[in-house]
Each structure stands twice: as C-alpha cells, then as structure tokens.
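Notes for the one structure printed next.
Each ligand, and each atom within it, is numbered from 1 in the order the structure gives.
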Amino acid sequence: MKTFSTIKALREALSTVRNAGNTIGFVPTMGALHEGHLDLMRRALKENDCLVVSIFVNPIQFNNKEDLEKYPRVLEADSKMLESIGCQYLFAPDANEIYPEPDKSEYDFGLLSEVMEAAFRPGHFNGVAIVVRKLFEIVEPETAYFGEKDFQQLAVIKQLVKMLEMPVKIIPCSIVRETDGLAMSSRNVRLTSHERQLAPNIYMTLQKAIKLRNVLSPEELRRWTREQLEAIPEFNIDYVEIAEDQQLQPFQHWNDASGAILFVALFLGKVRLIDNVRIF
Ligand code: AMP
C-alpha cells in the first residue's frame, strides 16, 4: 500500500492508475477503522480495479469541541488493517493540506437540512459536504461507498453529487453490527464497560419496534420507542424519528410514502450514538 499526505503526490499516482485504464473505488473515513469500514472497502475492491481510502478527522464537521479532541486517532493500526485487506492507496492528509485557508462554501440541502442530525448538529453536514467535495475532486473516483449507519449523511452526499453534477456513483452499504447488535462505530471505544453493556439496548429496541409496525401508527411507534429507550436512565435521547427514506421527512401515516426508517440518536455518557432500521 502506498500512503500519501499531500494532494499533489496522490494526484500524480492516481493519474498513472487512471491512464492505465483502471477504475477507482473510494472510501472516505475518519479512521479508527473497524469491520464496518472494512466491509465498504472489500466491496469497493471487488467492484473496482483499485481502492483509495482517506483518513482525515475533518475538524469543520464537529460541532462539539470535546468530540473532536477525543476522536480516536490510530493511524498505524489503521494502516495495518488496510494492508491486510489489500488496499492500494491511503490518503492521510493533515488539516493544513485540506484547508490551507478556511473554506466558506455554504450548501443548502433543502428539507434534509431541517431534520434530525441537521437540526441537532448545526453546521455538521456543511462541513461534511465541503470535505467530501474536496476529496472527490482530488481522488476523482468512479464510485464512492458510504454506510447506511449514517443514513442522513448518505442522503446529503447523494444530493451534493446531484447538485454539483459530480461524475461519481454513490453506493450505499448496510450497517455492520457487533454480535450483540450494537452498530459498529469508531466512538464505541470511548464507552465505559458499563455503558458498553447498555448500548445493545438501542438495536434491541429498534428490532422490537419493527414487530409493532402493523399495530401502531407512526406517532405511536415513535412514542413507544422513545419510552423504551427512556427507561434506561443512562440514555439521553436527542431524537427518535420515523421518516421516509428520500428527504427524511417525518411520517404521519404508513401509506404516505414507499419506505420508512426508524432513526435514533442518543448520548450514552459522553458518547453520542446513532442507529436506524428500516420499518417498511
Ligand atoms: P466514519 O469514519 O465514521 O466517518 O465513517 C466512514 C464511512 O464508514 C461512512 O460512510 C460511514 O457511514 C461508514 N460506516 C461507519 N460505521 C459503519 C457501520 N457500522 N456499518 C456500515 N458502515 C459504516
């Protein structure tokens, strides 16, 4: 695997790859890699001649200073994992390389900017959009892979690519979970052992909620899910929402649109966890 920290060197290497007629699959990450990330990468390797992974803890997408400071950074271990799956190119720039000066771009994602993560983490998706646009312009991949764990982020990226008419295909990938159901996340290592034991209750509750879809209305199911989660005092809920799967607008009646997703975001101690399941 070749590792690059500058845009110029990576661009040179990738132009050789491209000129030889090879396709590039891209997986942007913030590092502290786990099986969830590797799943995206294995798929990218299968579907492309060459895999480029970026590891960059993007400061402008954090709206919480402590979350940014405490975000795990383990580049050496990450490099080993990437080597082991056969990744060819790692791009691990520092913040000055990506932002030699502040990027003041502002994106309007319409209805997507009004709900859930956008409402609870002001500026978050604008920061995500800025870095993803920059990375796409640097890597110029044919395809890029994103996890449904961050369902709203995936919807935002799809809209960004459409708005800017970027020639990249976005591939959604299913959530990868621990054996006890907890959605894998780089932040999970920050849970205390007590919190780690409580965390699987999120997915357990979501699974029970799926079974109630034929007996409760969306509003009743939202309330039921919130009550189940609130019964665990360590859970501090940001939101429980049931929304359609395109613009992620709240559902009132099950037959309002084709797909319905149940979303949860909560704090467990100092760690913010998100998860979602498809209801219909
Ligand atoms: P991150 O490093 O958290 O920014 O994540 C990088 C990419 O991996 C994003 O597209 C995430 O949605 C995806 N990802 C993170 N955790 C998981 C997971 N448990 N299952 C599937 N994809 C994931």
- [ ] May I have the step-by-step check of side-chain hydrogen bond (donor to acceptor under 3.5 Å, both in side chains) for Y99 and D94, ending in yes or no?
- [x] CA-CA 9 Å; Y99 304 116; D94 66 18; over 6 Å; no
Nearest-neighbour protein heavy atom for [atom], which is reported as residue plus atom name and distance:
atom                    : result
atom 4 (O) of ligand 1  : M30 CG, 3.7 Å
atom 10 (O) of ligand 1 : G147 N, 2.9 Å
atom 20 (N) of ligand 1 : V176 N, 2.8 Å
atom 5 (O) of ligand 1  : H37 NE2, 3.4 Å
atom 21 (C) of ligand 1 : S174 O, 3.4 Å
atom 6 (C) of ligand 1  : P28 O, 3.4 Å
atom 11 (C) of ligand 1 : D150 OD2, 3.1 Å

Close aromatic pair by centroid cut-off 6.0 Å: [X] and [Y]:
X    : Y    : answer
Y239 : F120 : yes
F109 : F125 : no
F267 : F235 : no

Task: Minimum side-chain heavy-atom gap L33-I55 below 4.5 Å - done: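 Of all side-chain heavy-atom pairs linking I55 with L33, at least one is under 4.5 Å.
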Open item on the list: To check you understand the geometry: which heavy-atom pair defines the closest contact between I242 and P218, and what is its length?
Closed with: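 Where I242 meets P218 most closely, the heavy atoms are CD1-O, 3.5 Å.
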Which of the atoms of ligand 1 are close to [X], meaning less than 4.0 Å from one of its heavy atoms?
X    : value
M184 : 16 (N), 17 (C), 18 (C), 19 (N)
F146 : 10 (O)
I175 : 20 (N), 21 (C)

Task: Region of H34 engaging ligand 1 - heavy atom pairs below 4.0 Å - done: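 Contact part for H34 vs ligand 1: side chain (C-beta onward).
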- [ ] Could you tell me whether L40 approaches ligand 1 through its side chain, its backbone, both or neither, with non-hydrogen atoms closer than 4.0 Å?
- [x]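 It is the side chain that gets close, since no backbone atom is under 4.0 Å.
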Open item on the list: Can you tell whether the side chains of E220 and R223 come within less than 4.0 Å, N to carboxylate O?
Closed with: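 Judged by the 4.0 Å cut-off on N to carboxylate O distance, E220 and R223 do not form a salt bridge.
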Open item on the list: Check R272 with D67, please: is the shortest side-chain N to carboxylate O separation under 4.0 Å?
Closed with: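 No, no charged N to carboxylate O under 4.0 Å.
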Open item on the list: Is there a polar contact, in the sense of an N or O pair closer than 3.5 Å, between C173 and ligand 1?
Closed with: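 The answer is no, given that C173 and ligand 1 share no N or O pair closer than 3.5 Å.
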- [ ] Using heavy-atom distances, let me know which of K149, E148, Q153 sits nearest atom 9 (C) of ligand 1.
- [x]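 The option holding the nearest heavy atom is Q153.
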- [ ] Could you tell me if any non-hydrogen atom of A32 lies under 4.0 Å from any atom of ligand 1?
- [x]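 A32 does not count as a contact of ligand 1 under the 4.0 Å cut-off.
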Open item on the list: Taking side-chain contact (heavy atoms from CB on, under 4.5 Å) as the criterion, tell me which of V132, V161, L160 meets it with I170.
Closed with: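 Checked V132, V161, L160 against I170; only one passes side-chain contact (heavy atoms from CB on, under 4.5 Å): V161.
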Open item on the list: Below 30° counts as parallel, above 60° as perpendicular, anything between as tilted: where do the rings of Y71 and F62 land?
Closed with: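 Perpendicular: the ring planes of Y71 and F62 meet at over 60°.
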